Participant: 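Attaching a single structure in structure tokens format; questions to follow.
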Amino acid sequence: MLFNLLLGSAAVTTAASVPRNTPRLAATDEYIWQIAKWQAGESHGNPATPITGWYDFNVSAAEYGQGAARIPPFAAHCEGVADGRPLASEYAGCTLTAADGTSSASVSARVLPEQDVQAHIAISYVFDSNDESSTERNFTVVVVEDWARERPPHDFTVQPTETQN
Ligand SMILES: *[C@@H]1O[C@H](CO)[C@@H](O)[C@H](O)[C@H]1NC(C)=O
Ligand SMILES: *[C@@H]1O[C@H](CO)[C@@H](O)[C@H](O)[C@H]1NC(C)=O
């Protein structure tokens with residue numbers, strides 16, 4: 001378990017530092033996702049119970065690229081909980097609210113076990129490539145934001161990175 005968690009974090013870090021001049025990444029330099037109504041908070045209920053975390057947001061993207069490099073559009077609603085110290089969770093599936101017939105497409109999110117006061121939430125969009133190989137493609141971003149107190153839901157954009165297999 002610990003090994004898996006460490007491997008997951010390391011993979012995110014490595015993916016983010018992949019040079020931009022590899023052919024496939026070059027095509028996705030301007031690929032962005034919209035995050036809507038982002039909320040990530042900590043429970044403040046019974047002081048006798050451990051603190052838990054929760055998140056709730058929508059994520060979506062327009063179609064990007066063409067042919068074999070095409071990334072299909074999608075929209076999903078993600079919500080989940082985290083616990084432990086540091087707050088963490090495994091990947092949990094988000095509800096796809098729009099997709100384009102790529103039946104294999106899925107979106108998931110998890111709270112990464114970072115030793116930090118801020119929330120580190122990974123969001124992954126996985127689908128089969130639009131070519132004969134139908135290999136799995138995986139775009140992931142890690143959003144780092146404060147665990148909200150009074151902050152209202154807010155919208156922003158992020159730039160995901162493709163995991164190189
Ligand atoms: C997608 O990539 C992320 C980051 O490398 C990884 O943590 C996750 O497990 C991958 N998801 C799948 C379904 O392979
Ligand atoms: C978030 O997704 C839900 C479910 O599809 C939708 O009802 C809601 O309007 C969306 N909100 C925003 C701000 O996109």
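Every number for a ligand or one of its atoms is a count from 1 in the order of the listing. Values in this document were obtained by computation on a predicted structure and should not be read as measured data.
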Participant: Could you check whether atom 2 (O) of ligand 2 has a protein contact, counting only heavy atoms that fall below 4.0 angstrom?
Facilitator: yes

Participant: I'd like to know if the side chain of S104 and the backbone of D128 have a donor-acceptor N/O pair within less than 3.5 Å.
Facilitator: yes

Participant: Going by the angle between their ring planes, with limits at 30° and 60°, are F57 and W38 parallel, tilted or perpendicular?
Facilitator: parallel

Participant: With atoms numbered from 1 as shown, which atoms in ligand 1 lie under 4.0 angstrom from a non-hydrogen atom of T140?
Facilitator: 1 (C), 2 (O), 3 (C), 4 (C)

Participant: Under 4.0 Å from a heavy atom of A36: which atoms of ligand 2 are those, numbered in the order shown and with their elements?
Facilitator: 13 (C), 14 (O)

Participant: Begin from the C-alpha positions of E145 and H154 and carry the test side-chain hydrogen bond (donor to acceptor under 3.5 Å, both in side chains) through to its verdict.
Facilitator: CA-CA 11 Å; E145 285 245 326; H154 55 287; 2.8 Å; yes

Participant: Just jot down the ligand 2 atoms closer than 4.0 angstrom to any heavy atom of K37, in number order.
Facilitator: 11 (N), 13 (C)

Participant: Assess whether a salt bridge exists between D100 and R70, defined as any Lys/Arg side-chain N lying under 4.0 Å from an Asp/Glu carboxylate O.
Facilitator: yes

Participant: Within the structure, does T163 bring an N/O atom to less than 3.5 angstrom of an N/O atom in ligand 1?
Facilitator: yes

Participant: I need the atoms of ligand 1 closer than 4.0 Å to a non-hydrogen atom of Y91, numbered in the order shown.
Facilitator: 3 (C), 6 (C), 7 (O), 8 (C), 9 (O)

Participant: Protein heavy atoms: any of them under 4.0 Å from atom 5 (O) of ligand 2?
Facilitator: yes

Participant: If only atom types and distance count, is the side chain of T135 paired as donor or acceptor with the main-chain N or O of S129 below 3.5 Å?
Facilitator: no

Participant: Hey, does the side chain of T52 reach the backbone of D83 with a donor-acceptor pair shorter than 3.5 angstrom?
Facilitator: no

Participant: For atom 11 (N) of ligand 1, which candidate among V142, L112, N138 holds the nearest heavy atom?
Facilitator: N138

Participant: With atoms numbered from 1 as shown, which atoms in ligand 2 lie under 4.0 angstrom from a non-hydrogen atom of T97?
Facilitator: 4 (C), 5 (O)

Participant: With only distance considered, is N58 within less than 3.5 Å of ligand 2 through an N or O on each side?
Facilitator: yes

Participant: Cation over ring, R137 on F127, under 6.0 Å and within 45°?
Facilitator: no

